[in-house]
> 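Here it is: the structure, laid out below.
Each ligand, and each atom within it, is numbered from 1 in the order the structure gives. Quick caveat, the model's predicted, so the values are computed rather than measured.
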Amino acid sequence: MSAPRILTSLRPQLRLARIALPSPSTRSSFSTSIRRLDNKDDSGRPQAAHPSKHASRPVSSGEPVAEHVKEDESKRAGLPEEPMDGPPPPPLAALPAQELFHLKNRTILITGGGRGLGLTIAHACLESGASVRCMDLLPEPSQPQWSKAEELAKSKGLEITYHPLDVTDQNAVSNLFSDLFKMDSKEHPIRGLFTSAGIQIMMPAVDYSIEKFRKVIDVDLTGTFLCAQAFAKEWFKRHPSMDGQAGVDGASIAMTGSMSGHIANLGIECAAYNASKAGVNQLAKNLALEWSRKGIRVNTLSPGYIRTALTAAQLDEKPELNKIWLQGSLLGRLSTPDEFRGPVLYLLSDASSFMTGADLLVDGGHCAT
Ligand SMILES: NC(=O)c1ccc[n+]([C@@H]2O[C@H](COP(=O)([O-])OP(=O)(O)OC[C@H]3O[C@@H](n4cnc5c(N)ncnc54)[C@H](O)[C@@H]3O)[C@@H](O)[C@H]2O)c1
């Protein structure tokens, strides 16, 4: 290429390089320090948002932002021993890290709490200090897990109660949530909902009857919505002026989606289920948009395969699935319900105070490939 043509082709890069370099007059006093965004330098350009004792520098200087910056401790917010200008840090900052996951002094509502994942989470909530109200289509919860949960509750001075409910029945949902909020105590106010009620029907899409398709959507998606809606209605009646302040006295809704809301599962034909779970993920984002500034965070948990009654039925129907599912897992195994205690406690507790409208994918690496 001729010299002029090389220059022509390099011109845009040269122009960019000129913009990135400080002018000769500022080069001598050049500093890597930066100030708050509301400050402006002589050129009127905004400065980076980090506080510092040092001179400001344009954010567009082309240098790594905040490199070698000496932090002004008095302006750092968050930890109790580090004061800041302006409003005091939220009380959450005073909680020691090991207590962030506690659910002390609150009650958690759980749908699908009669067995499987829901009942395991009920047990974990009790262990973390919360009272629990379980709802499920089953007339009675599964034994012996339920009796164990009752014993645990008694030993900790907490409550666990069981309430038969069809999550697709709007009136029943609305009445039960209203009753549960009326049972609320000052010591253990309701501050969380975990939705775990769900069904799965495997069938090739061309054979899917409309009744079955609607049933899956009705339980997994509409049922989740109805419970979240009933929760929010009762919450807003009691907390008309709450905002998005981190974790403080707010509520958290954690909805069970699935990795199947992100992918199509090799080996099984379950279009309705997967569509319903993708819907749950999208529902949570929209409810988070509407409710996060009114005191309710909304997130989803997307589990990979869990060994429960639900998957046992699938494996009974198609034993070859076991091999296919194991191949898809980077950990080479299916999960057990107890492996979701940590993720769900995180979502329900103040540990996730800045998380809303998000999905927590816990799938043994399945979706990574
Ligand atoms: N097991 C898995 O591999 C897996 C993976 C990803 C997501 N999930 C999801 O986790 C959740 C729990 O599943 P699980 O594996 O514990 O299954 P599970 O069948 O043991 O539990 C589901 C519970 O929902 C209840 N339920 C069903 N229809 C209901 C209705 N109309 N009203 C109220 N309750 C109803 C059932 O009675 C049951 O107790 C489900 O939402 C499921 O889709 C499961």
> Looking at ligand 1, would S142 count as a contact under a 4.0 Å heavy-atom criterion?
no
> Which pair of heavy atoms, one from W235 and one from D249, lies closest together, and at what distance?
CH2-O, 3.3 Å
> Consider every N or O of P303 and every N or O of ligand 1, then say whether any pair is closer than 3.5 Å.
no
> Which word best sums up how the rings of F101 and Y346 line up, parallel for under 30°, tilted for 30 to 60°, or perpendicular for over 60°?
tilted
> If you count the atoms of ligand 1 from 1 in the order shown, which ones are under 4.0 Å from a heavy atom of G304?
3 (O), 5 (C), 6 (C)
> Taking 4.0 angstrom as the limit and counting only heavy atoms of G257, give me the atoms of ligand 1 inside it, by number and element.
7 (C)
> What are the two closest non-hydrogen atoms of I160 and A122, and how far apart are they?
CD1-CB, 4.2 Å
> Considering the options D184, D350, T107, which one meets the side chain to side chain donor-acceptor pair (under 3.5 Å) requirement together with R191?
D350
> Say you draw a straight line from CZ of F225 to OG1 of T195; how long is it, rounded to the nearest 0.5 Å?
12.5 Å
> Which one holds for M135 and ligand 1: side chain close, backbone close, both close, or neither close, with close meaning a heavy atom under 4.0 Å?
neither
> Contact between T111 and ligand 1, counting heavy atoms under 4.0 Å?
no
> What protein heavy atom sits nearest atom 32 (N) of ligand 1, and how far away is it?
V167 N, 3.0 Å
> List the closest protein heavy-atom neighbour of atom 14 (P) of ligand 1: residue, atom name, distance to the nearest 0.1 Å.
T308 OG1, 3.5 Å
> If you measure from each heavy atom of G223 to ligand 1, is any distance below 4.0 Å?
no
> If you take the nearest heavy atom of each of Y305, W325, Y273, which one is closest to atom 8 (N) of ligand 1?
Y273
> Give the atom numbers and elements of ligand 1 that come within less than 4.0 Å of a heavy atom of T311.
1 (N), 2 (C), 3 (O)
> Without hydrogens or angle criteria, can the side chains of H102 and S349 be said to hold a donor-acceptor pair below 3.5 Å?
no
> Report yes or no: does K277 have a heavy atom closer than 4.0 Å to ligand 1?
yes
> Do we see a donor-acceptor contact under 3.5 Å between the side chains of N265 and N274?
yes
> Which residue holds the protein heavy atom closest to atom 11 (C) of ligand 1, what is that atom called, and what is the gap in Å?
S196 O, 3.0 Å
> Counting only heavy atoms, tell me which of P164, P337, A197 gets closest to atom 24 (O) of ligand 1.
A197
> Can you report which non-hydrogen protein atom sits closest to atom 22 (C) of ligand 1, along with the distance?
G198 O, 3.7 Å
> Which of the atoms in ligand 1, numbered in the order shown and given with their element, are less than 4.0 Å from a heavy-atom of I199?
27 (C), 28 (N)
> What is the minimum heavy-atom distance between T308 and L117, and which atoms define it?
CG2-N, 4.4 Å
> At less than 4.0 angstrom from any non-hydrogen atom of L165, what atoms of ligand 1 do you find?
32 (N), 33 (C)
> Tell me yes or no: between the side chains of T161 and H163, is some donor less than 3.5 Å from an acceptor?
yes
> Tell me the protein heavy atom at minimum distance from atom 19 (O) of ligand 1, and give that distance in Å.
R115 NH2, 2.7 Å
> Suppose we measure from atom 2 (C) of ligand 1 to each protein heavy atom; which comes out shortest, and what is that distance?
I306 N, 3.5 Å
> Among L117, D136, T256, D166, whose heavy atom sits nearest atom 23 (C) of ligand 1?
D136
> Using heavy atoms and a threshold below 4.0 Å, how should the contact between L334 and ligand 1 be classified: side chain, backbone, both, or neither?
neither
> When you check the side-chain N and O atoms of T120 and D338, is any donor under 3.5 Å from an acceptor?
no
> For the OG atom of S302 and the CG atom of L361, what is their distance to the nearest 0.5 Å?
5.5 Å
> Among side-chain atoms of D363 and Y305, is any donor-acceptor pair under 3.5 angstrom?
no
> Locate the shortest heavy-atom distance separating S292 from T356; write the atom from each residue and the value.
OG-OG1, 2.8 Å
> I need the nearest protein heavy-atom contact for atom 34 (N) of ligand 1: residue, atom name and distance, please.
L137 N, 3.2 Å
> Considering the options T168, L226, I199, which one meets the side-chain contact (heavy atoms from CB on, under 4.5 Å) requirement together with D218?
T168
> Considering heavy atoms of the protein only, find what lies nearest to atom 13 (O) of ligand 1 and give residue, atom and distance to 0.1 Å.
L310 CD1, 4.0 Å
> Which ligand 1 atoms are under 4.0 Å away from a heavy-atom of G116?
16 (O), 20 (O)
> Work out which heavy atom in K186 is nearest to a heavy atom in P189; give both atom names and the distance.
O-CD, 3.4 Å
> Should you measure from each heavy atom of S258, which atoms of ligand 1 turn up under 4.0 Å away?
6 (C), 7 (C)
